[in-house]
Amino acid sequence: MNFATRLDNVETSAIRELFKLLGKPGIISFAGGFPDSAMFDVEGLREASQRALQEEPGGALQYGATEGYEPLRTQLAAFERAKGVTDIEPHNLIVTTGSQQALDLLGKTMISEGDKVIVEGPTFLATIQCFRLYGADLVSAPIDAHGVQVDRLEQLIVQHKPKFVYLIPTFGNPSGALLSLERRRKILELAVKHQVLIVEDDPYGDLYFGEPPPPSMLALSREVPGSREWIAHCGSMSKVLSPGLRVGWLVAQPELLAKATMCKQFSDAHTSTFAQATAAQYLKSGRMPETLRNVRQKYGERASVMAEALTKELGDAIEFTAPEGGLFFWARLTAPGANAGEFAKRAIEQNVAFVPGAPFFAKDPDPATFRLSFATADVEKIREGAKRLGRAL
Ligand code: PMP
């Protein structure tokens, strides 16, 4: 088959290969990126889908507007307003088929072959693949426990004049890192100073375990004059409600939103109206605050058990910062020359799985890093999994 040359830039991920091994019986997996199916509010979603069919069957089953189902846009604007984006209106966002589609639409509308795009090192693997598909030349900006390093980011912006900067400021995948309030402000100032678009990917911001994180960069842009037009914000129902619904959204300035809408029209015409009507009814039902409390509490408990168990079983052999939200621990083997890919193979022999960190870097991978998800294992499994990791060292 003579495939399009754009595919030359992209490989299927090393992680997919690893996932093939996960069918092994008895394995404890810290490898996935899924939320826990046991936490889905099935009853609430059943009621919401029934109400969607009863109250507006035409809307829920017919073709719909590319921008999204209006009652859902209204609910999502209210959801964002409650999180400090006080000036948002329904027409400032479009509904997308997962936030993944928002990223794809940003790639499609912004990236020409050879354009530079700055991403965090490490960053979300599917974004790396997606932007490369559009021909992006990715530049990797280093992070620490407080997110991307702003001084380095500014140097890279000046040096590479990127089309945009892609960040996951709140409990990043895979880093778990939380960008500090001070850095958020500075980055918004950089956006204005250098006239560069910042893409804020935020599927995990609602999944905090203790104190709420700083406001999203979208919310904060109100305080930095001129910065709103340089922010594109991707939201998602996936990690808090259900990824199978495929409901995400994109907030951006009108011109960019119009181009993204045009591209979406050629792509899937619109996000499933049934899913959108269900999500709208769900948000309207008022169950969301309780659902959020529930997932925060459960994931928070798992995260703290994982922090304790890793410290107990692996001690100084690894370093990590316990995340304050999200689904992931990002860790690093401390032995000189250590390779997390080799560690992953030994771990599978011990019936425990995780994902090596190298594929999450667009450039200059750190082979000693790896990602552990605590989302789908209960606390007993987390403790047992950590013991097995200790044996695999
Ligand atoms: N961005 C990040 C950082 C993610 O981790 C994910 C899901 N793993 C997505 C976007 C896509 O999520 P969805 O399309 O389900 O909204």
Side-chain angles (χ1 to χ4, degrees), residues 13 15-16 19 29-37 39-40 45 68 72 76 79-80 93-108 117 119-131 133 138 141 143 147-148 164-179 198-208 213 216-218 232-251 260 264 267-268 271-272 275-276 278-279 282 295 299 323 325-330 355 357 359-362 371-376:
S13 80
I15 292 179
R16 274 192 181 279
F19 273 73
S29 177
F30 299 139
F34 291 9
D36 188 349
S37 320
M39 289 191 205
F40 297 149
L45 283 164
L72 179 59
L76 290 174
F79 189 60
E80 286 290 358
L93 63 88
I94 62 170
V95 179
T96 56
T97 301
S99 52
Q100 185 66 54
Q101 188 187 40
L103 298 170
D104 183 63
L105 293 173
L106 286 163
K108 217 173 244 178
V117 173
V119 300
E120 289 159 288
T123 192
F124 179 40
L125 192 58
T127 307
I128 296 181
Q129 308 275 69
C130 169
F131 292 170
L133 195 60
L138 299 178
I143 65 162
V148 71
F164 59 86
V165 176
Y166 168 76
L167 301 174
I168 314 165
T170 312
F171 316 130
N173 176 9
S175 70
L178 178 60
L179 189 68
I198 309 288
V199 173
E200 175 180 51
D201 187 13
D202 189 26
Y204 301 105
D206 288 308
L207 265 187
Y208 53 86
S216 68
M217 298 195 45
L218 176 67
H233 175 97
C234 309
S236 176
M237 283 285 138
S238 291
K239 309 299 157 135
V240 289
L241 187 58
S242 151
L245 272 182
R246 307 308 300 131
V247 169
W249 59 98
L250 172 65
V251 184
K264 181 171 165 66
S267 168
D268 65 353
T271 297
S272 156
Q276 291 190 73
T278 300
Y282 191 88
V295 289
Y299 290 131
L327 301 179
F328 305 108
F329 273 68
W330 182 244
V355 183
F360 294 101
F361 291 85
R371 187 191 78 176
L372 301 159
S373 169
F374 49 82
T376 52

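Remember, it's 1-based here, ligands and their atoms both numbered in the order they're listed. All values below were derived from every heavy atom in this structure, side-chain atoms included, with hydrogens, water molecules and symmetry-related copies excluded.
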Exercise. Is there a heavy atom of Arg246 sitting under 4.0 angstrom from any atom of ligand 1?
Worked result: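 Checking ligand 1 against Arg246, which is what was asked, there is a heavy-atom contact under 4.0 Å.
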
For this session: Measure the distances from the heavy atoms of Gly33 to every atom of ligand 1 and state whether one is below 4.0 angstrom.
Result: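 No; Gly33 lies far enough from ligand 1 that no heavy-atom distance drops under 4.0 Å.
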
Exercise. Are the ring centres of Phe131 and Phe164 closer than 6.0 Å?
Worked result: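 Yes, the ring of Phe131 comes within the 6.0 Å limit of the ring of Phe164, centre to centre.
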
Problem set entry | Asp268 and Thr97: side chain donor to acceptor below 3.5 Å |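 There is such a pair between these side chains.
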
Exercise. Using a distance-only test with no angle check, is there a side-chain donor-acceptor pair under 3.5 angstrom linking Thr123 and Tyr166?
Worked result: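 Side-chain D/A pair, Thr123 to Tyr166: absent.
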
Can you find a pair of side-chain heavy atoms, one from [X] and one from [Y], that are under 4.5 Å apart?
{"X": "Glu200", "Y": "Ser216", "answer": "yes"}
{"X": "Gln100", "Y": "Ser236", "answer": "no"}
{"X": "Pro243", "Y": "Leu245", "answer": "no"}

Show the atoms of ligand 1 that are less than 4.0 angstrom away from any heavy atom in [X].
{"X": "Ser236", "result": "13 (P), 16 (O)"}
{"X": "Ile168", "result": "3 (C)"}
{"X": "Pro203", "result": "1 (N), 2 (C), 3 (C), 4 (C)"}

Can you report which non-hydrogen protein atom sits closest to [atom], along with the distance?
{"atom": "atom 9 (C) of ligand 1", "answer": "Phe124 CE2, 3.5 Å"}
{"atom": "atom 7 (C) of ligand 1", "answer": "Lys239 NZ, 2.9 Å"}
{"atom": "atom 5 (O) of ligand 1", "answer": "Tyr204 OH, 2.6 Å"}

Exercise. Would Leu327 and Asn173 count as a side chain to side chain contact (heavy atoms under 4.5 Å, CB included) if you check the C-alpha gap in whole Å, the side-chain angles of each, and the deciding distance to 0.1 Å?
Worked result: CA-CA 8 Å; Leu327 301 179; Asn173 176 9; over 6 Å; no

For this session: Using the six-membered ring wherever Trp is involved, compare the ring planes of Phe374 and Phe329 and label them parallel, tilted or perpendicular (cut-offs 30° and 60°).
Result: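 Because their plane-to-plane angle is over 60°, the rings of Phe374 and Phe329 count as perpendicular.
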
For this session: Could you name the option among Asp201, Val247, Asp202 that has the heavy atom nearest to atom 2 (C) of ligand 1?
Result: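 Minimum heavy-atom distance to atom 2 (C) of ligand 1 goes to Asp201.
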
Exercise. For atom 10 (C) of ligand 1, which candidate among Ser175, Ser238, Ser99 provides the closest heavy atom?
Worked result: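 Of the listed residues, Ser99 has the closest heavy atom.
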
For this session: For ligand 1, find out whether one of its N or O atoms is nearer than 3.5 Å to an N or O atom of Gln100.
Result: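 It does: an N or O of Gln100 is found under 3.5 Å from an N or O of ligand 1.
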
